[in-house]
Amino acid sequence: TWTQYTQYDFCFKTYGISGPSTPVLSFNPVSYNFGNVVQGATDSTSFEIWNSGTGILTCNLSESSSWVTVTPTSGSSSGEQDTITVSIDTTGLSPGSYNCPIGMSSNGGSGTFTVYATVTEQENTPPVFGIPSPVNGSTGNPLSLSWSIPITDPQGNIFSWTIQCNNGQTNSGSGAT
């Protein structure tokens with residue numbers, strides 16, 4: 001545009017010149033806590049990353065724990081918000097507290113998104129009781145009657161059992177089938 005200053009007898013022209021582009025790394029949230037997670041479980045969360053500056057932001061992401069996977073691990077943004085997915089797999093982890101920082105390096109700065117998880121033991125599934133044999137109608141039979149009650153523990157744990165009759169007789173044992 002031209003601007004004229006008549007009282008000074010000169011004019012000048014200004015051009016739309018902008019400065020260099022300056023990308024700025026932005027992301028939200030900065031962490032996620034998966035809370036209590038059972039051994040062998042999987043879960044995932046996500047966060048957003050974008051360029052809050054000018055130009056094109058290029059970014060690389062990395063994690064240092066085998067139980068965490070980040071996708072994608074690189075990308076670029078001119079201002080749009082891109083979704084980063086963080087997945088966890090607690091298979092093989094002992095019970096306890098874990099954290100994994102996910103590093104972000106870019107031409108607009110660096111940052112860290114951290115995930116937390118507390119791994120708990122897998123709950124023991126109770127034994128499964130089958131149908132007793134003989135079924136109903138055994139009342140009044142002699143005490144020498146044999147009953148068969150199949151009991152199985154899906155995880156193969158050894159368990160103890162006791163059968164007590166109304167007349168005070170008992171029988172007990174242990175097993176893993």
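Keep in mind that what you see is a predicted model, and the values were worked out from it rather than measured.
In this structure, Thr114 and Pro101 approach most closely via the heavy-atom pair OG1-CA, 4.0 Å. When all heavy atoms are compared, the tightest approach of Pro95 to Gln39 is CD-NE2, 3.2 Å. Residues Thr91 and Asp89 share a closest heavy-atom pair of OG1-OD1, 2.7 Å. Heavy-atom minimum distance, Ser110 versus Leu25: C-CD2, 3.6 Å. The shortest heavy-atom contact between Pro29 and Ser46 is CD-O, 4.5 Å.
Atom CG of residue Leu57 and atom OG of residue Ser21 lie 10.5 Å apart, to the nearest 0.5 angstrom. Between atom SG of residue Cys100 and atom CZ of residue Phe34 there is a gap of 10.0 Å, rounded to the nearest 0.5 Å. The CD1 atom of Ile102 sits 10.5 Å away from atom OG of Ser31, with the distance rounded to the nearest 0.5 Å. Between the CG atom of Asn99 and the CG atom of Asn33 there is a distance of 10.0 Å, given to the nearest 0.5 Å. The distance from the CE atom of Met104 to the CG atom of Asn60 is 12.0 Å, given to the nearest 0.5 Å. To the nearest 0.5 angstrom, Tyr32 atom OH is 6.0 Å from Asp43 atom CG.
A donor-acceptor contact shorter than 3.5 Å is absent between the side chain of Thr45 and the backbone of Val86. With hydrogens and angles disregarded, a donor-acceptor distance shorter than 3.5 Å links the side chain of Asn107 to the backbone of Thr58. With hydrogens and angles ignored, the 3.5 Å screen pairs no side-chain donor or acceptor of Glu63 with any backbone N or O of Thr69.
Hydrophobic clustering, with ILVMFWY side chains joined whenever heavy atoms are under 4.5 angstrom apart, groups Val115 together with Val30.
Residues passing the side-chain hydrogen bond (donor to acceptor under 3.5 Å, both in side chains) test with Ser106: none are found, sequence neighbours excluded. Scored by the side-chain hydrogen bond (donor to acceptor under 3.5 Å, both in side chains) test, Ser97 finds no partners at all (sequence neighbours excluded).
A heavy-atom distance below 4.5 Å is found between the side chains of Asn28 and Trp50. Between Asn51 and Ile56, every side-chain heavy-atom pair lies at or beyond the 4.5 Å cut-off.
Screening Thr118, Thr90, Thr42 for a side-chain contact (heavy atoms from CB on, under 4.5 Å) involving Val37 leaves a single residue, Thr90.
Using modelled atom types, one finds a donor on one side chain and an acceptor on the other under 3.5 Å when comparing Thr83 with Glu48.
Residue pairs meeting the ring-ring contact (aromatic ring centres under 6.0 Å, His included) criterion with at least one partner in residues 74-114, sequence neighbours excluded, are Phe47-Phe113, Trp67-Tyr98.
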